[in-house]
Q: 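Encoded as structure tokens, here's the structure I'll be asking about.
Letters A, B, ... are given to chains in the order of the sequence lines, protein chains preceding strands, and every chain is numbered from 1. Keep in mind it's a predicted model, so treat the numbers as computed, not measured.
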There are 2 protein chains.
Amino acid sequence: MSELSEHNHDRLIEEVSGEMPDDDMLYDLAELFHIFGDSTRIKILYALFESEMCVCAIAQLLNMNQSAISHQLRILKQSKLVGCRREGKTIYYHLSDDHVKTIINQGMQHINE
Amino acid sequence: MSELSEHNHDRLIEEVSGEMPDDDMLYDLAELFHIFGDSTRIKILYALFESEMCVCAIAQLLNMNQSAISHQLRILKQSKLVGCRREGKTIYYHLSDDHVKTIINQGMQHINE
DNA sequence: CTTTCATATGAATAACTGTTCATATGATAA
DNA sequence: TTATCATATGAACAGTTATTCATATGAAAG
């Protein structure tokens, strides 16, 4: 590698480095996408597009056992992607905000091309 | 559960079921997000926002060894998120399309709230 | 041809993750 | 209280994955 290109090489790295967000932010970002990166969770989120649902309804819809759904709902709740409300014995889950829809739809758009 | 609410319960499941995309599509969607769900890959993609870069530059920028970057680039290339061109011994990687930026920015927007 | 540089690849390993099973909690009804 | 229904949780297991190390490929230069 010539001295000139080596210079450019290092300059590029420095430049790009200056434009990169904090490591923490990039970590959080990866963590967010990681949540979406599981088909069960995507299905749950997609189901909640339509309306709030209780755990057993989601389990029935996805044809999976209640425990598996409950575990995934906990993860979704911890990351603030869903919320829930109690009504007697039943607990209804719902999407926290419309960002979830936007992100999933954006992904869908990418798939369909 | 009363007969009425049981009826509504089943009707809801049927309704939501009708609105759900194919399993295959949801699987692909999860797979797409799964790619973004790793901090090394996010960092690589973010770096390529600015300009194309060769493998060793990315490795240097992220302070990781060349092999690790190479492995991740292969995954990104397989999922068509990045492309590359050869120039002598050097191989330059770049983002495949602007969808990648859009998806990542959407995620960023969600984080910053 | 041989050396060198940039990149790719395979095997190995350690860490992580999703599901299941069994059981616990918590609310309602009897 | 006891029984029952809806949900949550912990432990265990199987499958997956990111990184490292060692080595291979492939291109250019000498």
Q: Tell me every residue that passes side-chain contact (heavy atoms from CB on, under 4.5 Å) with A:Glu19, counting only those two or more places apart in sequence or in another chain.
A: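 Residues passing side-chain contact (heavy atoms from CB on, under 4.5 Å) with A:Glu19: B:Glu50.
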Q: Check side-chain contact (heavy atoms from CB on, under 4.5 Å) between A:Glu15 and all other residues, then give those that pass, not counting sequence neighbours.
A: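 side-chain contact (heavy atoms from CB on, under 4.5 Å) check on A:Glu15 returns A:Arg11.
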Q: If Ile, Leu, Val, Met, Phe, Trp and Tyr residues are connected whenever their side-chain heavy atoms lie under 4.5 Å apart, and connections chain through other members, are A:Leu12 and A:Met20 in the same group?
A: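 Yes; tracing contacts between hydrophobic side chains, which count when under 4.5 Å, links both residues.
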Q: For DNA chain D, find the residues of residues 36-51 of chain B with a heavy-atom distance under 4.0 Å and give them by number; none if there aren't any.
A: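 Close to the strand are B:Asp38, B:Thr40, B:Arg41.
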Q: Rounded to the nearest Å, what distance is computed from the NE2 atom of residue B:His34 to the C1' atom of nucleotide D:dT16?
A: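 Checked: the NE2 to C1' distance equals 8 Å.
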Q: Could you list the donor-acceptor pairs under 3.5 angstrom formed by side chains in residues 61-78 of chain A, with sequence neighbours left out?
A:
| from | atom 1 | to | atom 2 | distance (Å) |
| --- | --- | --- | --- | --- |
| A:Asn65 | OD1 | A:Ser67 | N | 2.9 |
| A:Asn65 | OD1 | A:Ala68 | N | 3.1 |
| A:Gln72 | OE1 | A:Arg41 | NH1 | 2.8 |

Q: So which protein N/O to nucleotides 12-14 of chain D N/O distances come out below 3.5 Å?
A:
none

Q: Which whole-number value in Å describes the distance from A:Phe33 CZ to D:dT17 P?
A: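 After rounding, the gap between these two atoms is 18 Å.
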Q: Using a cut-off of strictly less than 4.0 Å, decide whether B:Tyr93 has a side-chain nitrogen or oxygen near OP1 or OP2 of C:dA8.
A: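 So the side chain of B:Tyr93 is within the cut-off, an N or O lying under 4.0 Å from OP1 or OP2 of C:dA8.
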Q: Taking only residues two or more places apart in sequence or in another chain, which ones pass salt bridge (charged side-chain N to carboxylate O under 4.0 Å, His left out) with B:Glu87?
A: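 Partners of B:Glu87 by the salt bridge (charged side-chain N to carboxylate O under 4.0 Å, His left out) criterion, ordered by chain and then number, come out as B:Arg85.
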Q: Please, which pairs that meet side-chain hydrogen bond (donor to acceptor under 3.5 Å, both in side chains) have at least one residue in residues 21-38 of chain B, sequence neighbours excluded?
A: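 Listed once each, the pairs are A:Lys43-B:Asp23.
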Q: Nearest whole Å is fine: how far is C:dT25 P from A:Arg86 CZ?
A: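 These atoms are roughly 14 Å apart.
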Q: Tell me: CD1 of A:Ile91 to P of C:dG26, nearest whole Å?
A: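 In whole Å, C:dG26 P lies 11 Å from A:Ile91 CD1.
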Q: Table please: side-chain donor-acceptor pairs of residues 95-112 of chain A below 3.5 Å, with sequence neighbours left out.
A:
| from | atom 1 | to | atom 2 | distance (Å) |
| --- | --- | --- | --- | --- |
| A:Ser96 | OG | A:Lys80 | O | 2.9 |
| A:Ser96 | OG | A:Leu81 | O | 3.3 |
| A:Ser96 | OG | A:Val82 | N | 3.2 |
| A:Ser96 | OG | A:Val82 | O | 3.4 |
| A:Asp97 | OD1 | A:His99 | N | 2.7 |
| A:Thr102 | OG1 | A:Asp98 | O | 3.0 |
| A:Asn105 | ND2 | A:Lys101 | O | 3.3 |
| A:Asn112 | ND2 | A:Met108 | O | 3.2 |

Q: For residues 55-70 of chain A, which residue pairs qualify under salt bridge (Lys or Arg N to Asp or Glu O under 4.0 Å), counting only residues two or more places apart or in two chains?
A: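 Those involving residues 55-70 of chain A do not exist here.
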Q: Can you sort out the partners of A:Phe36 under ring-ring contact (aromatic ring centres under 6.0 Å, His included), two or more places apart, ordered by chain and number?
A: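 A:Phe36 satisfies ring-ring contact (aromatic ring centres under 6.0 Å, His included) with B:Phe33 once adjacent residues are dropped.
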Q: Taking only heavy atoms on the protein side, list every residue of residues 58-84 of chain B lying under 4.0 Å from any atom of DNA chain C, sorted numerically.
A: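 B:Gln66, B:Ser67, B:Ser70, B:His71, B:Arg74 - these, ordered by number, are the residues of the stretch whose heavy atoms sit under 4.0 Å from the strand.
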Q: Cluster question for you: counting only ILVMFWY and a side-chain heavy-atom cut-off of under 4.5 Å, with indirect links fine, are A:Leu29 and A:Met25 together?
A: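 Hydrophobic grouping puts A:Leu29 with A:Met25.
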Q: Between B:Glu87 (CD) and C:dC5 (P), how many Å, whole number?
A: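 One finds 19 Å between P of C:dC5 and CD of B:Glu87, rounded.
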Q: Whole angstroms only, please: what is the NZ-C1' distance between B:Lys89 and D:dA28?
A: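 Interatomic distance, NZ of B:Lys89 to C1' of D:dA28: 5 Å.
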Q: Can you sort out the partners of A:Phe49 under ring-ring contact (aromatic ring centres under 6.0 Å, His included), two or more places apart, ordered by chain and number?
A: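 Per chain and number, A:Phe49 pairs via ring-ring contact (aromatic ring centres under 6.0 Å, His included) with A:Tyr46.
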